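Here's the structure we're looking at; comments come further down.
Counting from 1, the numbers follow the sequence of the chain as shown. Quick caveat, the model's predicted, so the values are computed rather than measured. Atoms within each ligand, like the ligands themselves, are counted from 1 in listed order. Because only heavy atoms are used, hydrogens play no part in the values below, and waters and symmetry mates are left out as well, while side chains stay in.
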Amino acid sequence: MACPYLNGDSSPPKRKNGENDTTYGKYLRLDKLLSCVEMQTEKKKNPIHDEHLFIVIHQVYELWFKQILFELNSICSILSDIPVAENKQLIMNSRLNRVVEIMKLLVSQFSVIETMTPHDFAEFRPYLATSSGFESYQFRMLENIIGIKPEWRIRYNKTEYKQVHCEEIYKQLEESEKKPSLLQLVQEWLERTPGLEQDGFDFSKQMKNSIDRMLTDIKNKSLATTGYEAEELMEQYNKDKEIFESVLDESQHAALVKRGERRLSHKALQGAMMISLYRHEIRFSQPFQFLHLLMDLDKLLMNWRASHSQMVQRMIGSKLGTGGSSGYQYLRSTVSDRYKVFLDLYNLSSYLVPNEYIPSLTDTMHRHLSTLPSFPGHTPKSEDVKRKGDNPMVGDGDTALIM
Ligand code: HEM
């Protein structure tokens with residue numbers, strides 16, 4: 001009889017209560033999973049020890065890609081609701097944090113494959129024929145779901161990344177390019193940040209006034225001094241003016257988006273700025289952490305590309321890749337801001353202003369961003385209450401944050 005521990009298809013032993021229950025092997029489909037490690041060199045009667053590690057490590061990566069896609073899809077699904085239920089923010093944060101932790105693991109895993117010497121790799125490399133990680137369907141899905149656009153991609157030998165796949169996968173990848181990505185959903189969510197409304201707090205206008213005040217103060221200080229100090233202050237004035245105009249002026253922002261130097265819409269960028277400046281307000285603190293995690297995700301994907309390309313250079317030097325690219329040269333060119341999806345969030349630091357120039361919240365706005373539990377005697381003003389009918393976070397007397 002086949003071993004019930006390993007062989008998922010065999011009958012598991014009877015449990016005490018007489019019911020057939022599942023086993024470790026059956027539950028995990030270990031019979032299938034473990035039989036997937038098939039060394040080509042062994043089949044060809046020339047077993048090369050390190051091929052085992054090479055296969056296992058790729059399979060492990062693919063399994064983790066599957067988990068990442070599972071988590072990201074669920075986050076996108078939550079973000080697709082308008083408005084996003086406030087009580088789902090913690091779920092989104094924990095799932096994104098999980099993705100971040102997995103990505104850290106994926107970056108550090110390259111040290112395991114680096115225990116293989118280039119000589120060992122060269123021994124079985126011919127058995128790979130033209131197969132390459134470039135054909136990893138899940139990696140492409142992952143890039144697409146995060147928000148990498150086809151036009152940002154670097155091509156080699158005029159090869160488009162989808163072309164290496166069969167018709168069915170080609171179509172699936174094409175569909176994934178059209179589906180709202182995490183970037184797009186985050187953008188729409190940020191555009192709904194409370195406080196951006198022109199007939200309400202009007203963050204943009206408040207910010208413009210504050211920046212004007214800040215610039216005037218710098219200019220006045222410069223005029224009040226002489227020599228090197230005055231020159232330095234004037235330089236700061238010109239630099240700050242340029243930076244803040246590029247973020248406050250819609251047409252300047254649009255030109256930067258066109259040039260690929262910004263990704264988010266003007267309104268979404270204002271939303272991100274607002275969340276970042278007022279992150280200590282209770283209802284902005286979790287969205288702020290979410291934005292932080294999005295940057296971690298971007299950074300770790302970049303670290304993955306950098307570690308992979310370094311490992312490749314070590315293994316094959318300047319040889320061509322099995323997929324036909326220039327190998328290390330091609331991979332190195334993908335380690336750039338071109339592939340950074342949440343680029344604008346990184347750049348938020350350029351728009352930091354000293355605390356004294358952060359526009360003060362109005363009472364109404366402050367109430368919107370605070371948790372106001374319902375308590376006897378508290379009656380919210382009607383303009384404070386924006387409700388989503390089925391938002392479970394909104395009880396009687398609560399002010400709801402609609403995003
Ligand atoms: C000895 C180990 C490895 C070598 C020598 C290697 C080499 C290469 C090369 C040369 C390319 C460029 C395409 C080509 O011409 O083939 C590539 C792409 C790629 N490899 Fe690897 N690789 C290795 C391990 C891995 C591992 C463990 C993974 C994990 C899944 C992986 C995933 C990828 C992916 C996703 C790409 C596409 C990257 C892109 O186009 O941005 N590789 N690899």
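Listed by number with element, the atoms of ligand 1 under 4.0 Å from a non-hydrogen atom of Gly327 are 10 (C). For ligand 1, the atoms sitting less than 4.0 Å from at least one non-hydrogen atom of Gly323 are 14 (C), 15 (O), 16 (O), numbered in the order shown with element in parentheses. Applying the 4.0 Å criterion to heavy atoms of Gly324 picks out, from ligand 1, the atoms 15 (O). With ligand atoms numbered from 1 in the order given, ligand 1 contributes 12 (C), 13 (C), 14 (C), 15 (O) to contacts under 4.0 Å with heavy atoms of Ser325. Every atom of ligand 1 is numbered from 1 in the order shown, and the set under 4.0 Å from a heavy atom of Phe139 is 35 (C). For ligand 1 and Met315, the ligand atoms under 4.0 Å from any heavy atom of the residue are 1 (C).
The single protein non-hydrogen atom nearest to atom 34 (C) of ligand 1 is Gly133 O, 3.3 Å, given as residue, atom name and distance. When only non-hydrogen protein atoms are considered, atom 30 (C) of ligand 1 lies nearest to Tyr61 CB, 3.5 Å. The protein non-hydrogen atom at the shortest distance from atom 40 (O) of ligand 1 is Tyr330 OH, 2.5 Å. When only non-hydrogen protein atoms are considered, atom 16 (O) of ligand 1 lies nearest to Ser132 OG, 2.6 Å. For atom 9 (C) of ligand 1, the nearest non-hydrogen atom of the protein is Leu331 CD1, 3.7 Å. Of all protein heavy atoms, the one closest to atom 4 (C) of ligand 1 is Val312 CG2, 3.8 Å. The closest protein non-hydrogen atom to atom 25 (C) of ligand 1 is His58 NE2, 3.2 Å. Protein heavy atom in closest approach to atom 41 (O) of ligand 1: Arg305 NH1, 3.5 Å.
Side-chain contact check for Glu232 and Gln236: no donor-acceptor pair (N or O, by modelled atom type) lies under 3.5 Å. A donor and an acceptor atom, one from each side chain of Tyr161 and Glu143, are nowhere located under 3.5 Å apart. Ser94 and Asn97 share no donor-acceptor pair across their side chains, judged by distance under 3.5 Å alone. For the 3.5 Å distance criterion, the side chains of Ser136 and Glu62 qualify, holding a donor opposite an acceptor. Residues His165 and Glu135 have side chains that never bring a donor and an acceptor to within less than 3.5 angstrom of each other. Side-chain polar atoms of Ser246 and Arg262 form a donor-acceptor pair below 3.5 angstrom. For Glu242 and Asn238, the side-chain atoms include no donor-acceptor pair closer than 3.5 Å. In summary, the side chains of Tyr346 and Asp337 do not present any donor paired with an acceptor at a separation below 3.5 Å, with no hydrogens or angles considered. One side chain, Glu191 or Ser265, offers a donor N or O that lies under 3.5 Å from an acceptor on the other.
Only the side chain of Phe54 comes within 4.0 Å of ligand 1, counting heavy atoms alone; its backbone N, CA, C and O stay farther away. Contacts of Tyr328 with ligand 1, taken as heavy-atom pairs under 4.0 Å, are absent altogether.
When each of Met116, His52, Met39, His49 is checked for a side chain to side chain contact (heavy atoms under 4.5 Å, CB included) with Phe124, only Met116 meets the rule. For the pairing with Trp304, the ring-ring contact (aromatic ring centres under 6.0 Å, His included) check across Tyr339, Phe139, Trp64 returns one residue only, Phe139.
At least one heavy atom of Trp304 sits closer than 4.0 Å to an atom of ligand 1. Residue contact annotation: Arg125 has no non-hydrogen atom under 4.0 Å from ligand 1. Not a single heavy atom of Tyr339 lies less than 4.0 angstrom from ligand 1.
Between the side chain of Ser285 and the backbone N or O of Arg279 there is no donor-acceptor pair closer than 3.5 Å.
An N or O contact shorter than 3.5 Å links Arg140 to ligand 1 by distance. For a threshold of 3.5 Å applied to N or O pairs, the pair formed by Phe110 and ligand 1 contains no separation below that value.
When distances from atom 21 (Fe) of ligand 1 to the N, O or S atoms of His308 are compared, NE2 comes out shortest.
The side-chain heavy atoms of Gln310 and Met315, taken from C-beta on, include no pair separated by under 4.5 Å.
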